[in-house]
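Just dropping this structure here.
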Amino acid sequence: MERYEPDTIERKWQDVWARERAFHVPNPDLTGGSSADGTYVLEMLPYPSGEIHMGHVLNYTLGDVITHVRRRKGYHVLRPMGYDAFGLPAENAAIREGGHPRLIIERNIAAIRRQMHRMGWAIDWDREVSTHEPSYYRWTQWLFLKFFEQGLAYRKEAPVNWCPNDQTVLANEQVIDGRCERCGALVERRNLEQWFFRITAYADRLLDEMSLLESWPEHVLTMQRNWIGRSEGAEVTFTQPDLGVDYPVFTTRPDTLFGATFFVMAPEHPDVLRLAAGTEHEQAVRHYVNHVLTESSEERADTERKKTGVPLGRSVVNPVNGEAIPMYVADYVLMEYGTGAIMAVPAHDQRDYDFAVAFDLPIRQVVAPADGGEAEGPFVSHTENEVLVNSEQFTGMTAVEGKDAIIDWLDQQGRGHRSINYRLRDWLLSRQRYWGCPIPMIYCETDGLVPVPEEQLPVELPDVEDYAPKGQSPLAAVEDWVNVDCPVCGGPARRETDTMDTFVDSSWYFLRYLDPRDDEAPFGREPADFWMAVDNYIGGIEHAILHLMYARFFTMAFADMDMLSVQEPFASLFTQGMITMGGAKMSSSKGNTVSAIDTVAKYGADTARAYVCFLGPPDRGGDWVPEGVEGVHRFLVRLYRLSAEVAERTDQGNTHAAGDGPAHDLLVKTHWAIDKVTRDIAAFQFHTAISAVMELVNEAYRVKGSLYADPAGAATVRFATATAASLIFPFSPHIGAEVYDELTGERVWETPWPQADESLLVTDEITLIVQVNGKRRDQLVVGRPRQIRAEVQHRARVARLQPVLGHEELGLLRERPLGHERQPLGDRPARAALDGGGHLLGRGHFSGGG
Ligand code: ANZ
């Protein structure tokens, strides 16, 4: 044990772990009613792009830390890994470079697997899956058929988002600001027969069950809530007398019905051209509609935009007062929402107001402040303090009463009813691309749509010559694959040639891990009941909406099909922040990326892992600072040297110090570190956990010289150093294992997580009771000077090593006057407590004398 050579040490332990399958955790035998305690730690599975990046390093190290601590606390920890291997990037690479997407992906998987081993992550490799393997996608297809059986998968013609560059349909969620999420091309609208999952059937449950998701970040829940976008209101029917057609509208403000002064239809509304036909506006309407088709929904929904539209030359009758109001077509009305037509109330809706001003249409106020004051401008915000005006028999009611009364009246007349609308659309899952899971359906002229019989699964993806997108799936060109016998009548039939959105593959992978070689079912009920729900799900905030919502939907549907007991897949969620450099997102075009591989080559995996955890609170990510990496590396070198010296100067026989003196102080420090690291990890405050170990190592370094002479003192130095190794192990497992082995002869990953001796924990504050003549008059809470000094040093050190530490933290140091501290200085309120609370308040308040 001479110089610290991470490469040698790391490979040595990686070999041991691989050889012994050290992190394999079999499913417990549950038949005997085993009381085994399981924990499921899951990180979002990577897309196998060929090289792990810093985001991966952070993500999987966070999971690793939790895994190690839980394991050593005695849990069975499931910690699997897999690859989200279908999808456009591989297919595009295949088109670019030539070669089969499968070969490209499998080459990438091999590389990424190697790099994951090299990072030393404690993964149960026996459970590895990849979504592109037939043994996996057989079950994706099977699940699709179950959904089909349940009416949760269906086919219909629909206007779709079409990416002209990728030549494929995109889900709404994949259109960002009117552009393709992947390639940035402007998205167009088209009508096509498509496959959908009926996620809207679960809209209410997806909302309601959010109350179960207490350990999810609030902002993720808010994003999901907004995405589902539940609106309560009414559907009101307007009649068009010339065509004799009824047009319902959805409104959240039925109380404003008397203020409807015109009526607007979406350009995609199927009746628009029919209505305009024969009027003087026919040509203009035709032009307008064609023009609007090239605009994105986002552009159209932009309230800042100048309002455009064309009259239809017709009118509809307002059911509440028989008034005929003019009809328009305008792009601010969207076909996908509500009924694709609206009643316009310019006095109380900004968009309608802008339109009315532009087209010189009447504006009629129908709601006013209850106190009789003037409305501010033409709009009245919707509050409980408003009353209806200009509304015939409803005048004088509060807006809330009026809403109900008008809906009831409409209901009686058969002209309307209460209605709830959702922004959430059904999930469009078919893709006209090659590299995805084939949709297991067959079209027969006699029998129509026929599911592929279960025993014929998987429908394997055939090889094709040409992956280039053509507007229909490249699979359509594979004649001998497409043409099949109808499973019902045996007559000629054709396979569905579309493939599935890759989000389908990743909506259930966490269940496949539970028993990945099961060839009877996608997942077994027993392991599912044992392991689910996932205790800690860790991943990027970019999946806040889609993936997380889809996985929740799948899980609820499985529960309804009695395949699972849980309703929610992820009991808690942790979203990691982004690692930036110079404050900006790392990107190769900006030239500010740090390669994970290079960092490991230069400093070792232990340094890279510890540094990403040391950057700052992991939910906020942090800025990569080269000196910071050096700092963390020096700390590991220091630990290694200390251990080498301790191994030489002390022996294992003696027990460590008791009583007072410097040895006792080091012992106290050691228990302080155990306590602090344990608490900080539970609160996902990994950066302060690491700095506590740094402090312990520094302290041991500082006092060791004076302690070697005395056997108890020497044993204490040894204990402190071995404990530092044990505590740093979850972050930097190789050096942790090496030092621990050197000093104790034991395997740290098989050693229980250390427990702080409560009696040695220095309380951060003491309560002084003020007594006068034996009567308690007052009490003072004061910090213990030595402890305060230690904490201040600790924080100063954190601040020095973390030049990027938030101003917030540094501010805390400066702003709080010492001695007025009511909370232990070291513990800031935790953002996401993992093991529950209890650690925020000072411990061990005890009474001093009076
Ligand atoms: C009359 C009215 C009066 C409205 C008023 C609002 C305020 P949320 O809350 O998002 O559900 N709307 C309905 N369908 C639409 C469509 N397809 N495209 C554009 N706008 C549409 O919004 C519901 C409101 O948005 C509805 O209530 C309707 O305008 C409009 F003082 O009806 B409202």
Side-chain angles (χ1 to χ4, degrees), residues 159 172 189 200 203 207 225-238 247-272 292 295-305 307-309 316 318-320 323 325 327-356 361-369 375-383 386-391 394 399-400 402-403 406-407 410 415-425:
N172 285 343
R189 321 272 300 153
T200 52
L207 274 176
R225 214 172 275 123
N226 293 343
W227 190 262
I228 297 168
R230 185 180 198 273
S231 286
E232 285 185 26
E235 222 169 84
V236 183
T237 306
F238 288 69
Y247 291 115
V249 301
F250 171 71
T251 175
T252 47
R253 296 290 308 273
D255 51 315
T256 65
L257 189 51
F258 286 86
T261 53
F262 55 101
F263 187 95
V264 189
M265 284 181 144
E268 297 86 349
H269 196 290
D271 283 1
V272 162
V292 169
E295 298 174 343
S296 72
S297 333
E298 279 69 18
E299 279 175 87
R300 289 170 53 177
D302 181 358
T303 48
E304 302 292 301
R305 258 171 112 227
K307 293 283 169 296
T308 62
V316 285
N318 184 340
V320 82
E323 194 180 344
I325 55 175
M327 299 179 87
Y328 284 80
V329 54
D331 67 354
Y332 76 96
V333 177
L334 306 175
M335 193 59 218
E336 313 83 89
Y337 193 70
T339 63
I342 64 154
M343 65 183 217
V345 184
H348 304 295
D349 181 279
Q350 179 72 48
R351 295 164 302 174
D352 298 343
Y353 176 77
D354 295 342
F355 193 87
L361 290 159
I363 297 171
R364 186 188 308 145
Q365 185 181 346
V366 290
V367 179
E376 295 168 30
F379 316 108
V380 179
S381 63
H382 193 44
T383 73
E386 291 160 1
V387 291
L388 301 198
V389 295
N390 300 324
S391 297
F394 304 99
V400 177
K403 208 178 237 182
I406 290 180
I407 298 177
L410 288 166
R415 307 304 293 166
H417 52 85
R418 275 188 181 70
S419 163
I420 295 171
N421 242 283
Y422 299 89
R423 207 179 91 90
L424 183 70
R425 305 285 87 173

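Counting starts at 1 for both ligands and their atoms, following the listed order.
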Contacts of Asp331 that satisfy salt bridge (Lys or Arg N to Asp or Glu O under 4.0 Å) - sequence neighbours left out: Arg305
Set of salt bridge (Lys or Arg N to Asp or Glu O under 4.0 Å) partners for Glu304, sequence neighbours left out: none
N/O pairs closer than 3.5 Å, ligand 1 and protein:
from, atom 1, to, atom 2, distance (Å)
ligand 1, 9 (O), Ser231, OG, 3.4
ligand 1, 11 (O), Ser231, OG, 2.5
ligand 1, 11 (O), Tyr337, OH, 2.4
ligand 1, 17 (N), Leu334, O, 2.6
ligand 1, 17 (N), Tyr337, O, 2.9
ligand 1, 18 (N), Leu334, N, 2.9
ligand 1, 25 (O), Arg351, NH2, 3.4
ligand 1, 27 (O), Thr251, OG1, 3.4
ligand 1, 27 (O), Thr252, N, 3.1
ligand 1, 27 (O), Thr252, OG1, 3.3
ligand 1, 32 (O), Thr251, OG1, 2.7

Under the ring-ring contact (aromatic ring centres under 6.0 Å, His included) test, residues paired with Phe263 that sit two or more places apart: Phe238
Stepwise side chain to side chain contact (heavy atoms under 4.5 Å, CB included) check, Met343 with Leu257: CA-CA 8 Å; Met343 65 183 217; Leu257 189 51; 3.4 Å; yes
Side chains of Ile342 and Asp352 in contact at under 4.5 Å (non-hydrogen atoms): yes
Salt bridge Lys403-Glu232, side-chain N to carboxylate O under 4.0 Å: no
